[in-house]
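Written out below as structure tokens is the structure these notes cover.
Just so it is clear, the structure is predicted and the values come from calculations on it, not from any experiment. Side-chain atoms are counted along with the backbone in the values below, which use heavy atoms only and exclude waters and symmetry mates.
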2 protein chains.
Amino acid sequence: MTEPATDRRAALKERSRQAIVRAAAELMDETGGTAFTVDELAERADVSRRTVFNHFASLEDVFAEVCAEVLGELIEKLAVPIDAAATGGPTTEPGPAMLDELAEVVRSTDLVTPMAYLTRTLGGTDAGGPWHANLLTRALSQVGEGLTAVLRRRHPGADPLDLQLLVSAFTGGVLVCHAHWWERTGAADDDASRAVWAELLDRLIHQLRTGFASTR
Amino acid sequence: MTEPATDRRAALKERSRQAIVRAAAELMDETGGTAFTVDELAERADVSRRTVFNHFASLEDVFAEVCAEVLGELIEKLAVPIDAAATGGPTTEPGPAMLDELAEVVRSTDLVTPMAYLTRTLGGTDAGGPWHANLLTRALSQVGEGLTAVLRRRHPGADPLDLQLLVSAFTGGVLVCHAHWWERTGAADDDASRAVWAELLDRLIHQLRTGFASTR
DNA sequence: TGCACTCAGTGCATCGTTGCACTTAGTGTA
DNA sequence: TACACTAAGTGCAACGATGCACTGAGTGCA
């Protein structure tokens with residue numbers, strides 16, 4: 001993918017920022033959490049410690065950006081089949097119920113790997129703390145916005161309220177499922193964990209179907 | 001080789017400078033001369049055009065630096081066997097005549113490759129012009145200083161005047177040999193060219209021996 | 001409980017790069 | 001011969017990174 005036409009200053013700035021985010025993701029993966037210092041992050045990113053704070057207001061903001069990128073990739077994964085179904089352009093013709101479509105896409109996408117990563121790195125040392133809770137809220141909001149945008153592209157004729165209610169109920173349900181999944185699997189990234197997740201997801205979808213089956 | 005302890009600013013400065021020199025050496029090699037623009041050099045070095053002039057006063061200075069590095073490596077090559085002969089520390093004991101030692105070292109070092117490179121890139125388009133002549137003068141001076149330093153390490157008891165006269169006569173002789181070599185071989189980098197160079201070198205050494213054979 | 005330490009975060013000045021407009025010299029063409 | 005163009009080189013201001021001293025919060029220990 002060619003870089004957008006930009007001047008060298010902007011390119012340098014973006015490179016520094018990406019280096020910090022990438023370094024944080026690596027350290028989070030290696031340490032299974034967020035227990036590293038700004039000095040370690042700066043060294044790994046090959047920038048000065050002041051530069052980290054030039055780009056981010058706090059370490060928490062860095063973690064949030066790592067999450068945002070993981071979740072952004074997740075939403076892109078979910079968007080691909082939904083957008084593909086729209087090949088030939090979006091239509092207002094009645095199609096499958098949005099819930100069924102969303103359910104099928106979510107079922108066929110591996111959510112366990114990113115969830116395991118985020119749960120391990122953010123939930124490991126201080127799960128439920130106000131700091132991590134804030135990150136989780138931001139993450140959920142981002143997922144919700146991303147899904148809403150994708151479904152809107154697919155169903156431009158859909159009532160916006162219906163659509164947003166669906167997404168809100170869905171992401172809220174995913175949060176509940178996540179807590180159960182974590183409790184039962186310890187956020188492992190393996191087949192047993194995937195089986196539990198699939199079961200919880202089926203429960204959620206079943207519960208939501210009765211309320212949104214007529215949405216077209 | 002570990003980088004010297006330095007701060008990040010100094011490291012960046014040095015990286016930029018080295019990138020410019022390296023890019024110039026590549027372009028000189030690829031184009032067989034110096035007929036490229038500052039814009040091309042800056043692009044290859046991945047710096048801005050202003051940065052080139054932050055580090056060097058002119059394109060000519062960049063070329064001079066490329067030469068200096070090639071010649072510096074050359075002098076290092078010559079220095080290795082001379083310094084190795086001094087293993088156990090320098091001595092004022094009578095040793096082989098300096099000329100014989102210098103001759104042996106020069107004979108056993110491949111001078112044709114760097115000479116071919118420098119002749120091709122600097123002599124190709126405007127040989128003998130005042131601009132290139134200036135580069136040649138600087139190059140010769142650098143070689144002379146380098147050789148003088150090496151021989152001084154090896155023969156600390158030698159009379160400085162004798163030593164400098166030897167080096168001056170030698171480098172002057174090399175310049176003459178180079179002109180003949182160029183005329184006869186076209187500055188090719190091959191075995192035939194090496195044979196001609198060896199012959200010319202023997203002539204030079206033979207001519208110099210009668211004047212310096214007693215130097216110890 | 002007071003003290004020492006570590007670390008996140010901050011303010012400010014400096015450095016090196018960069019963007020851009022400019023001048024000047026050299027060159028080619030009508 | 002005048003004009004247009006290219007390219008080297010320059011001055012100046014702005015940007016982004018960096019160095020460094022500093023404050024405050026949290027923690028551990030005597």
Whole-Å distance separating the [atom1] atom of [X] from the [atom2] atom of [N]:
X	N	atom1	atom2	result
A:R15	D:dG16	CZ	P	13 Å
A:E43	D:dG19	CD	P	13 Å
A:E14	C:dT17	CD	P	21 Å
B:F36	D:dA8	CZ	P	10 Å
B:N54	D:dG16	CG	P	17 Å
A:E40	C:dT6	CD	C1'	12 Å
B:D39	D:dT10	CG	C1'	15 Å
A:L41	C:dG9	CG	C1'	14 Å

Closest to the [X] side chain, choosing from [options]:
X	options	value
A:S58	C:dA8, C:dG9, C:dT17	C:dG9
A:R8	D:dA17, C:dT18, C:dA8	C:dT18
A:F53	C:dT10, C:dT17, C:dC15	C:dT10

On DNA chain D, compare the nucleotides closest to A:R9 and A:R17; which residue's is nearer the 5' end? A:R9
Ignoring backbone atoms, test whether [X] places a side-chain nitrogen or oxygen under 4.0 Å from the OP1 or OP2 oxygen of [N].
X	N	answer
A:S16	D:dG16	no
B:H55	C:dT17	yes
A:T51	D:dT18	yes

Under the 3.5 angstrom rule, does the side chain of [X] hit a backbone N or O of [Y] as a donor-acceptor pair?
X	Y	result
B:T109	B:V106	no
B:S193	B:D189	no
B:Q142	B:A68	yes

Across the strands shown, which category fits B:F56 at heavy-atom distances under 4.0 angstrom: base, sugar-phosphate, nothing? nothing
Select base, sugar-phosphate, or nothing to describe what A:A57 touches, counting heavy atoms under 4.0 Å on all strands. sugar-phosphate
Evaluation steps, salt bridge (Lys or Arg N to Asp or Glu O under 4.0 Å), between A:R107 and A:D202: CA-CA 9 Å; A:R107 276 193 180 109; A:D202 283 344; 3.0 Å; yes
Are the side chains of B:K13 and B:Q18 in touch, meaning some heavy atoms are under 4.5 Å apart?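 No, every pair of side-chain atoms sits at 4.5 Å or beyond.
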Looking at the base of C:dG11, is there any donor atom on it, or on the side chain of A:R50, that sits under 3.5 Å from an acceptor on the other one? yes
Any donor-acceptor pair under 3.5 Å joining the side chain of A:R49 to the base of D:dA17?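 A donor-acceptor contact between them is absent.
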